[in-house]
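Shown next, in structure tokens, is the structure this report addresses.
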Amino acid sequence: MIAVTVPFTRLRPGEDAADVDTAIRRVLDRGWFVLGPEVEAFEDEFARAVGTACAVGVGTGTDAIALILRALGIGAGDEVITTPLSAAYTALAVMMAGARPVFADLDESRFTLDPAAVEAAISARTRAILPVHLYGQPANLPALARIAAQHHLALVEDCCQAHLATCGGRPVGTFGVAGAYSFYPTKNLGALGDAGAVVTGDRGLADRLKRLRNGGQTDRYRHAEAGVNSRLDELQAAVLRARLPWLATWTARRRTLAARYRDALASADVSLPTECDAGHVYHLFVIRSKQRDRLQSHLADCGVEALIHYPIPIPRQPAVASTRPADCPIADRVCRELLSLPLHPAMGDEEADAVARAVCVFA
Ligand SMILES: *Cc1c(COP(=O)(O)O)cnc(C)c1O
């Protein structure tokens, strides 16, 4: 076994460490830990960063998606069209809301929902379209928004991998009725544990979400509806506030590293990701290879940790398969070829070059 020399990611605070320490100290000294001043301030600051009127902090990105659907009145008997290639949580969130995920195949050039496949999947029960801005690349939002409007469907954006991404210059999360964000530690903006948020321009929807995340309470100890417990805590909100000012710098660094990979891998025997929009934020840098498994072990032998996002199309997950056997041949094919190279803001140029060299010598 060779010790990993280029790890897939690094989660210990780096250049933000002093800011994170200060934030944690502030919360400890105040002695207020759940849904308080840090959460409110983070909601304001995050809404401003994303360019929406409102943000609502919740426990996880999965909860953010499920609660948006619930707040829109989508549940049992309803269908939500989504992508076969994502973290399975996207579809699990639809099921948590009581609705059924229906899978439309991918646009192979960007690995996100193909608008034509979405249109073909619409039925009398369809209530929403749930695209994922996978790996940081915006889905084809203008086309999806047009289809949603034509068929009177809600457009709900899974932005869990796309913090500060834009589509044609406009922030993701602002095309649909709401956007869901995760701040799981590995995301472009990560907390020190689980955390999530919904962004929306609809104040009524935001108010409904604030009730739903907190047990459905309208006033203290008065539960008007059966909400859930999905509150954002003060420590995570304070950490997120400390890191939010770094996010633009970190995003620029991700783009620089992606460009470096593109140059260094131009003649390698792999397919590079297509950048369909300059607003791509490179949560992941995902290449394709017909010999993916061999390439991954070769990289491991070279001390490079490469991971697969995702090895199994969601419709083929046992947890989801029963809801509808979906036919997504493009997703089936790409899942056998995808490989994510290390890319994170703390990574040095020499590390990216070492990864690229290891890919180039693969035969
Ligand atoms: C991380 C992620 C989720 C789930 O977010 P959690 O905070 O882990 O619940 C959902 N969708 C996508 C695309 C993700 O990357």
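These numbers come from a predicted model, not from an experiment. Just so you know, ligand 1 is whichever comes first in the structure, and atom 1 is the first atom listed for that ligand. Note that these values count all heavy atoms, side chains included, but never hydrogens, waters or copies made by symmetry.
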- Query: For ligand 1, is there an atom lying under 4.0 Å from some heavy atom of Gly196?
  - Reply: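 Contact absent.
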- State if His133 counts as touching ligand 1 under the rule of any non-hydrogen atom under 4.0 Å.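 It does not; every heavy atom stays at 4.0 Å or beyond.
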- Query: For Gln161 and ligand 1, does the shortest N/O to N/O distance drop below 3.5 Å?
  - Reply: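 Indeed, backbone or side chain, Gln161 has an N or O that close.
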So if I count the atoms of ligand 1 from 1 in the order they appear, which ones are less than 4.0 Å from some heavy atom of [X]?
X	result
Thr60	7 (O), 9 (O)
Gly61	5 (O), 6 (P), 7 (O), 9 (O)
Ser86	13 (C)
Tyr89	4 (C)
Val132	13 (C)

- Task: Step through it carefully: locate the ring centre of His283, locate the ring centre of Tyr135, and say whether they are under 6.0 Å apart.
- Result: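 Not under 6.0 Å, so no.
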- Message: Nearest 0.5 Å, please: how far is OG1 in Thr90 from CD1 in Ile65?
- Response: 4.5 Å
- Task: Would you mind reporting whether Arg254 and Leu343 have side-chain heavy atoms less than 4.5 Å apart?
- Result: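 A side-chain contact under 4.5 Å exists here.
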- Message: When you compare the side chain of Leu247 with that of His163, does any pair of heavy atoms fall below 4.5 Å?
- Response: yes
When you measure from [atom] to every protein heavy atom, which one gives the shortest distance, and what is it?
atom	result
atom 4 (C) of ligand 1	Thr62 OG1, 3.5 Å
atom 11 (N) of ligand 1	Asp158 OD2, 2.8 Å
atom 14 (C) of ligand 1	Lys187 NZ, 3.0 Å

- Item | Flag if over 12 foreign heavy atoms under 6.0 Å of CG, Asp269 | no
- Item | Proximity winner for atom 5 (O) of ligand 1, if only heavy atoms of Ala91, Ser182, Ala66 are counted | Ser182
- Where does the angle between the aromatic ring planes of Phe42 and Phe183 fall among parallel (under 30°), tilted (30 to 60°) and perpendicular (over 60°)?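 Phe42 and Phe183: perpendicular rings.
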- Measure up the Phe46 and Tyr181 rings against each other and bin them: parallel (under 30°), tilted (30 to 60°), perpendicular (over 60°). perpendicular
- Quiz item: cation-pi between Arg255 and Tyr282, 6.0 Å / 45°: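 No, cation not above the ring by the 6.0 Å, 45° rule.
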